[in-house]
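Working notes for the structure below.
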Amino acid sequence: MATVTFDKATRLYPGGERPAVDGLDLHIEDGEFLVLVGPSGCGKSTSLRMLAGLEEVTAGRIMIGDRDVTDMQPKDRDIAMVFQNYALYPHMTVADNMGFALKIAGTPKAEIRERVEEAARILDLTEYLERKPKALSGGQRQRVAMGRAIVRQPQVFLMDEPLSNLDAKLRVQTRTQIASLQRRLGVTTVYVTHDQTEALTMGDRIAVLKDGLLQQVGTPRDMYDTPANEFVAGFIGSPAMNIGKFHIEGDEAVHGDARIPLTRAVIDSLSGPAITVGFRPESLNVVAAGTPGAIPMSVDLVEELGSDAFVYGAVTGSAGADGKVGSGDDSNQCVVRVDPRDTPKIGDVLNVVVKPGELHLFDAATGERLAQ
Ligand SMILES: Nc1ncnc2c1ncn2[C@@H]1O[C@H](COP(=O)(O)OP(=O)(O)OP(=O)(O)O)[C@@H](O)[C@H]1O
Ligand SMILES: [Mg+2]
């Protein structure tokens, strides 16, 4: 087992204008499950492929344990990778698929058999060892792909969206299996996904990338409770945090009819005339109209989910010039989680206040989190 360190690792593709991964600094502990997450094109696969040795490192270095692997051949790095398209050899049995890399490496037959059987036990594949891949379900095939990595007993597992070929239900099952398997094996793992739910549920820590730049690294709780900037705030969490630009009037942040009191310290720390305010759907209490700090919303839609209900609405009195406050990209619709036994009607005005300690504030000019 081993630690992994990206030390200002940079990848500029030939002909590229800016690096696909730019000065990545990231230290992963021995045995840790680290999830690299971010939107499409942010540099997740490139980061993983640099670690695997499949992509040249333009600047900086990569360490596995105390070995500098920056210029080392992939086969010498002692890693095993599971890809999104984990094509299995269709004409080989499950056992031969799993043992193939060992056979190529010249491992004695008896040892291959032993390691394959052990991996099959761990993955609950023992009864399928003599089958061909076409006679397996999607989830079983995915486990065979995991098995191919496990039998190699590497120092580090690298996984690039290994669940994206599975349907939604199987994804949820399999992600739980992979996370518990990783904990059992204790092998340092770097796992790539664009799915923030996968990141939150699987990772010991999460690293969020955007445009090749690392935004924040932390535990799922850190990322959720104290996002370092507006991007992470909007990216982590489902339904997404309600976020919008407010202007300052006296000691309040104002947007339409919403007025949120701010401390002097927050106002003094702003670099410009505006502040970005964020509040999660579950961070709101319904209050009477006129309550200080209340955000009034006109109700457009009520979504009843049995255990929860979500109200979708727009902040009242907000002229177009104020910009948008909402959940998700470029949306002017806020989401509020309410008691499913006490839901408002469409067209009502719902007044909510942010629960103490659950207001997120960012400098509107830089997007950086403000201390409160
Ligand atoms: N071989 C290549 N040559 C040139 N540019 C590339 C190459 N591979 C990737 N890129 C670019 O580098 C950037 C990062 O790509 P990368 O594949 O790392 O993204 P990603 O985060 O894995 O995205 P996705 O979620 O879509 O898989 C993108 O802008 C992409 O177009
Ligand atoms: Mg990718």
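Just so you know, ligand 1 is whichever comes first in the structure, and atom 1 is the first atom listed for that ligand. The first residue in the sequence is number 1, and the count goes up from there. In this text, all values refer to a predicted model and were calculated from it rather than measured experimentally.
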| Identity and separation of the nearest protein heavy atom to atom 23 (O) of ligand 1 | G41 N, 2.8 Å

| remark: min-distance protein heavy atom vs atom 25 (O) of ligand 1 -> K44 NZ, 2.8 Å

| N or O pair under 3.5 Å between G43 and ligand 1 | yes

| query | Any side-chain donor-acceptor pair under 3.5 Å between D300 and Q333? | reply | yes

| note | One should read off an interatomic distance between S180 OG and R183 CZ, to the nearest 0.5 angstrom, of 8.5 Å

| message | For the residue pair E198 / Y191, report whether a side-chain donor-acceptor contact shorter than 3.5 Å exists. | response | yes

| task | Could you verify whether a donor N or O on one side chain and an acceptor N or O on the other, from T5 and H27, lie under 3.5 Å apart? | result | yes

| Close N or O approach (H194, ligand 1; < 3.5 Å) | no

| field | Protein contact to atom 27 (O) of ligand 1 [nearest heavy atom, distance to 0.1 Å] | value | S45 OG, 4.0 Å

| task | For G16 and ligand 1, answer yes if some heavy atom of the residue is under 4.0 Å from a ligand atom, otherwise no. | result | no

| task | Write out the residue and atom name of the closest protein heavy atom to atom 26 (O) of ligand 1, then the distance separating them to 0.1 Å. | result | S40 OG, 2.5 Å

| task | Indicate whether the side chain of N229 and that of Q215 have a donor and an acceptor atom separated by less than 3.5 Å. | result | yes

| Per-atom contacts, ligand 1 versus A20 - under 4.0 Å to a heavy atom | 12 (O), 13 (C), 14 (C)

| message | I need the L102 CG to E111 CD distance, nearest 0.5 Å. | response | 7.5 Å

| Taking atom OG1 of T107 and atom NZ of K109, what is their separation to the nearest 0.5 Å? | 12.5 Å

| remark: Among T46, L12, T193, the residue with a heavy atom nearest to atom 18 (O) of ligand 1 is T46

| message | Below 4.0 angstrom, counting only protein heavy atoms, does anything approach atom 31 (O) of ligand 1? | response | no

| task | Around atom 9 (C) of ligand 1, find the nearest protein heavy atom and jot down its residue, atom name and distance. | result | Y13 CE1, 3.4 Å

| request: Look at the N, O or S atoms of T46, main chain and side chain alike, and state whether any lies under 2.8 Å from the Mg ion (ligand 2). | output: no

| query | From I275 CD1 over to I267 CD1, what is the distance, rounded to the nearest 0.5 angstrom? | reply | 7.5 Å

